[in-house]
Structure formats: C-alpha cells, structure tokens
Amino acid sequence: MDPVTLTTARLLLRTVGPHDSDAVYAAAQDADIQRWTTIPSPYRPEHARGFTSQLVPDGWTDGSMFTFGVFLPEGEELVGMLALTMRSLGVTEVGFWAAKAHRGNGYITEATIAASRWAFTHLSVDRVEWRAEVGNTASRTTAERAGFTMEGTLRSAINNKGVRRDCWVASLLPSDLNLPSTAPYIPGNDGT
C-alpha cells in the first residue's frame, strides 16, 4: 500500500522518511520514550535512519505496519509517532509516543482517533488494540481519552529490552466511533 496522509483540526499525520531522521532521533533521546517503549536504548542516529529509511517504508509496502509521524501542520514540527501494526485478521495494535515538548496538548489522542478511524474505514479492521506496560499511566490516559475500553492486565505479555513485563490491554471498536463493522459482532454473555 502506498503511504497516506491524514489531517485533523490541528495535525498532519504522514509517513516519515530519511529527511525526518534527525527529528526522530532528537525526540527519541527522551528518557521516558526510551523507558516505556521498545525502541533501542540508548537510541543512536543509525537507529533513526534505519527506522525512517527501511522499517517505515517496508511496513507500508507489505501492509504489516502503517507508521505516521504526527506533525504540526504549520511548520512540520514533529509532535510524536504513531503506528498501526497488523496483528491478525481484522485486528491492529496502535502504538505511539509524544515528543516531550508536545505532551499534555491532546495531540496523540487526536492522532489516535484519526488513525483508528482510517483503519476502520480503509483496512477492514474491526478492532484496534492498545497495550502498554503496567505503570505507563500517560499512555493509558491517552488511550482512555481516545475512547478505548480497558479490558484488563495480561501477565508477562510485553518483552521490553529483554525483560518480560505485565501490560494493560484495551480496545476500540468501530461502533465506539459510530462506524459500521466489516463483520457482524455478537457480544458475549458474561453469565449474569
């Protein structure tokens, strides 16, 4: 698939390329991004170059991962990164981080809603999952503000830099955004 560009009221979501490597590298120097995400730590310039010149375009080409740089439209200033990784038929997982200078503005929440809406309407996705290590309350707050429903804690479900960790899991369904599903959905009976 060719990369797409999405816009919101305040943001431009577009693929990143080699010309964005310096901005990605600079933002990823933040200790919180390195702590809570699975990017390499320490994060070196060659990691950013490999990400923007190989990992991102390969994901778009083979349909396995759709990565968007989140930018302010007026200056193309990098606000954060967001990726939708295909996990199974009709299911994608969203992952994101915000550049330190842009946290607290709701940008990543806005980008998550836009990218999820696109996934529901263009990728035949019926479930967007979010996962984060237990304790990553900033990521959880973003997911909840984007409308995700918290589903629980998965034991030993994330490997972050060689350490197994518990994670929270949540989901967003098309109906949460007033969109139709591509497949029928019958909620389970919880026995009560």
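Every heavy atom of this structure was used, including side-chain atoms; hydrogens, water molecules and symmetry mates were not.
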message = Using the rule given for side chain to side chain contact (heavy atoms under 4.5 Å, CB included), can you reason through Met150 versus Trp168, listing the C-alpha separation, both sets of side-chain angles and the distance that settles it, and then say yes or no?
response = CA-CA 8 Å; Met150 299 309 296; Trp168 290 316; 4.0 Å; yes
Do [X] side-chain atoms and [Y] backbone N/O form a donor-acceptor pair below 3.5 Å?
X      : Y      : value
Asp62  : Ser64  : yes
Asn105 : His102 : yes
Thr92  : Thr85  : yes
Asn159 : Arg164 : no

State whether [X] and [Y] are salt-bridged, where the test is any N-O pair (Lys NZ or Arg NE/NH1/NH2 against Asp/Glu carboxylate O) under 4.0 Å.
X     : Y      : result
Arg10 : Glu110 : yes
Arg35 : Asp30  : no
Arg14 : Asp20  : yes

Using 0.5 Å steps for rounding, measure from the [atom1] atom of [X] to the [atom2] atom of [Y].
X      : Y      : atom1 : atom2 : result
Phe51  : Asp58  : CZ    : CG    : 12.0 Å
Leu82  : Ser116 : CG    : OG    : 7.5 Å
Arg127 : Leu173 : CZ    : CG    : 6.5 Å
Phe120 : Leu177 : CZ    : CG    : 5.5 Å
Ser41  : Gln29  : OG    : CD    : 9.0 Å

No-hydrogen, no-angle side-chain donor-acceptor test under 3.5 Å, [X] and [Y]:
X      : Y      : answer
Trp130 : Ser139 : yes
Glu151 : Ser171 : yes
Ser124 : Thr182 : no

Quick check: do [X] and [Y] have side-chain heavy atoms less than 4.5 Å from each other?
X      : Y      : answer
Phe148 : Arg140 : no
Asp2   : Trp60  : no
Phe71  : Leu11  : no
Leu72  : Tyr107 : yes
Met86  : Met65  : no
Phe66  : Leu123 : yes
Gln34  : Ile39  : yes

message = Please determine whether side chain to side chain contact (heavy atoms under 4.5 Å, CB included) holds for the pair Thr61 and Met1, giving the CA-CA distance in whole Å, both sets of side-chain angles, and the decisive distance to 0.1 Å.
response = CA-CA 5 Å; Thr61 298; Met1 170 183 282; over 6 Å; no
key: Asp22 atom CG, neighbour heavy-atom count above 12 within 6.0 Å   =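 At most 12 heavy atoms, drawn from other residues, nucleotides or ligands, come within 6.0 Å of this atom.
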task = Assess whether atom NZ of Lys100 is packed by more than 12 heavy atoms of other residues, nucleotides or ligands within 6.0 Å.
result =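 No - once you tally the heavy atoms of other residues, nucleotides and ligands closer than 6.0 Å, there are 12 at most.
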query = Any link between Leu55 and Val4 through a network of hydrophobic side chains (Ile, Leu, Val, Met, Phe, Trp, Tyr) touching at under 4.5 Å?
reply =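 Yes; tracing contacts between hydrophobic side chains, which count when under 4.5 Å, links both residues.
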request  = Check the hydrophobic clustering (I, L, V, M, F, W, Y; side-chain heavy atoms under 4.5 Å; chains of links allowed) and say if Val128 and Tyr185 are grouped together.
outcome  =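 No, Val128 and Tyr185 fall in different hydrophobic clusters.
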request  = Apply side chain to side chain contact (heavy atoms under 4.5 Å, CB included) to the pair Val91 and Asp126, showing each step before the final yes or no.
outcome  = CA-CA 6 Å; Val91 179; Asp126 283 320; over 6 Å; no
query = For the residue pair His47 and Tyr43, does the interplanar ring angle fall in the parallel (under 30°), tilted (30 to 60°) or perpendicular (over 60°) class?
reply =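 The arrangement is tilted - the two ring planes meet at 30° to 60°.
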message = Working note: Val94 + Arg131, criterion side chain to side chain contact (heavy atoms under 4.5 Å, CB included); need CA distance, chi angles, decisive distance, verdict.
response = CA-CA 8 Å; Val94 67; Arg131 295 173 187 229; over 6 Å; no
